[in-house]
Amino acid sequence: MFDIRFGELFGPLLETAQNLGIKTLLLSTGGINYSPSEISHCREVLKKYPPYILTTRDAETYNNYNDLCERSYNAICSAWFVPEAYPGYHIPDERPYITSCFDHTREPQFSLAFHTTQESPEFSTTRVTHSKLTKITRLLQRNLNDDINGIQIIRPCHQVLNRQNWRLFFKPNSYCSQLPHGYLNLYRNTKLTITDRLHASVATLAYGNPARLFIKSNRTLLLDRVNAQHVGKKIFKMDIDALSNEKEEYQNWLTKALHN
């Protein structure tokens, strides 16, 4: 929400609410670049139209704007609540799968060791190097496998509305939809998500499954807020108990703020 276009996109709405005497709540907010110019612009807009409640999804955003509203909370991203919003349903385990979602970069090729324990599956990955010719071929996405070590690879595409039709399904086992539920159920049941989409990793982790994120962006500060930043360096699985505590504290604070 808090980017250089904040005033352009939300200013008229905030002004209308202020003129009508309607209190505004800005929930699960975050920045994009977190640059001085971005912060300065957003602060000016918030000074003009101060919200009644402001909750943030990372500590940096909280520190930048918490003084510009009546009530503020250093909260977490709302995406961590997807299991509560959509519990989903179980997919039979006859053929396990992993999800590979790369909308912005080439999908890296990995070797994957699959070990089954009594508690849960464990994974290890190793980056595979390629010749220049192989890399050029992979640019065209011609040699992506259907599976790896017998584990199916399903490839969700999150860019349904702004990608040409032919590109939606040019990868093996592609999946796309204009509704969120199919994506969420894939991440609910996956054995591993490898992705360059921040919220594909968040959804996977929120359902208690392992993920590995490949991205360079300040938006990943929302991961630091729940001690999940390690997903950017290795295959990582969330501490669900700690996450549940964060969610409960957030809900309790918001309930009290609204009642007051």
Side-chain angles (χ1 to χ4, degrees), residues 1-18 20-36 38-87 180 184 187 197-208 213 215 217-229 231-232 238-260:
M1 173 174 282
F2 293 137
D3 69 356
I4 202 66
R5 297 184 64 200
F6 176 56
E8 174 188 349
L9 295 175
F10 295 96
L13 181 62
L14 294 173
E15 181 181 16
T16 298
Q18 186 179 78
L20 293 175
I22 298 173
K23 294 181 178 181
T24 56
L25 287 66
L26 304 184
L27 306 181
S28 187
T29 59
I32 300 296
N33 297 316
Y34 296 81
S35 64
E38 179 181 271
I39 295 169
S40 176
H41 166 73
C42 294
R43 284 188 61 85
E44 287 302 313
V45 176
L46 292 176
K47 286 178 183 178
K48 193 174 182 180
Y49 311 114
Y52 174 62
I53 288 177
L54 172 70
T55 73
T56 60
R57 67 184 192 181
D58 62 77
E60 187 75 14
T61 301
Y62 178 79
N63 293 333
N64 288 333
Y65 307 110
N66 75 85
D67 60 316
L68 301 176
C69 57
E70 289 192 40
R71 300 175 185 273
S72 60
Y73 184 71
N74 183 15
I76 62 175
C77 182
S78 294
W80 295 112
F81 287 90
V82 291
E84 288 80 9
Y86 182 71
L184 293 179
Y187 298 133
R197 301 296 305 229
L198 174 59
H199 281 87
S201 69
V202 170
T204 301
L205 295 174
Y207 282 114
L213 176 65
I215 187 175
S217 169
N218 288 329
R219 294 170 58 242
T220 58
L221 287 170
L222 68 89
L223 299 170
D224 297 42
R225 178 60 184 81
V226 291
N227 200 31
Q229 65 273 19
V231 72
M238 197 71 192
D239 182 342
I240 294 299
D241 290 337
L243 179 60
S244 296
N245 290 336
E246 287 284 359
K247 291 193 281 190
E248 184 177 358
E249 290 179 6
Y250 183 13
Q251 289 176 299
N252 290 341
W253 182 91
L254 189 57
T255 298
K256 184 177 180 181
L258 291 172
H259 283 175
N260 289 338

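From a predicted model like this one, the values you see are computed outputs, not experimental measurements.
- Put simply, the side chain of D3 does not reach to within 4.5 Å of the side chain of N33, judged on heavy atoms.
- The shortest distance between side-chain heavy atoms of E60 and N218 does not fall below 4.5 Å.
- Closest heavy-atom contact between L205 and M238: O-CB, 3.5 Å.
- The two residues C77 and S28 come nearest to each other via the heavy atoms CA-OG, 3.4 Å.
- To the nearest 0.5 angstrom, L184 atom CG is 4.5 Å from Y207 atom OH.
- Taken from CG in L46 to CZ in F10, the straight-line distance is 11.0 Å, to the nearest 0.5 Å.
- The aromatic rings of Y65 and F2 lie tilted to each other, with the angle between the two planes from 30° to 60°.
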Determine whether H199 and L222 satisfy the following criterion, side chain to side chain contact (heavy atoms under 4.5 Å, CB included), listing intermediate values before the conclusion. CA-CA 10 Å; H199 281 87; L222 68 89; 4.0 Å; yes
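- Contact check for Y34 versus D58: side-chain heavy atoms found under the 4.5 Å cut-off.
- In terms of heavy atoms, A200 sits closest to Y187 at CB-OH, 3.5 Å.
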Applying side chain to side chain contact (heavy atoms under 4.5 Å, CB included) to V45 and L14, what does each step give before you reach the verdict? CA-CA 9 Å; V45 176; L14 294 173; 4.2 Å; yes
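- Counting non-hydrogen atoms of neighbouring residues, nucleotides and ligands closer than 6.0 angstrom, the CD atom of E248 reaches no more than 12 such neighbours.
- With a 4.5 Å cut-off on side-chain heavy atoms, L198 and L223 count as touching.
- Of all heavy-atom pairs spanning K47 and L68, the tightest one is CG-CD2, 3.8 Å.
- Put simply, CZ on F81 and CD1 on I76 are 4.5 Å apart, with the number rounded to the nearest 0.5 Å.
- For L213 against S201, the heavy-atom pair with the smallest separation is CD2-OG, 3.9 Å.
- Contact between R71 and A257 at its shortest, heavy atoms only, is CD-CB, 4.0 Å.
- With respect to E70 and K23, no salt bridge is recorded, no charged nitrogen being found less than 4.0 Å from a carboxylate O.
- Atom CD in E246 sits 5.5 Å away from atom CD in E249 (nearest 0.5 Å).
- One distance of note links OH of Y52 with CD1 of I22; it measures 15.0 Å at 0.5 Å rounding.
- Contact of the Q18 side chain with the P50 side chain is registered, since non-hydrogen atoms from C-beta on lie closer than 4.5 Å.
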For L254 and L27, what are the C-alpha separation, side-chain angles and deciding distance, and is it a side chain to side chain contact (heavy atoms under 4.5 Å, CB included)? CA-CA 10 Å; L254 189 57; L27 306 181; 4.3 Å; yes
Given F6 and I32, is the side chain to side chain contact (heavy atoms under 4.5 Å, CB included) satisfied, shown in steps? CA-CA 11 Å; F6 176 56; I32 300 296; over 6 Å; no
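- R57 places none of its side-chain heavy atoms less than 4.5 Å from the side chain of W80.
- Under the 4.5 Å side-chain criterion, counting only non-hydrogen atoms from C-beta, T55 is not in contact with L25.
- Between V226 and K247 the shortest side-chain heavy-atom distance does not fall below 4.5 Å.
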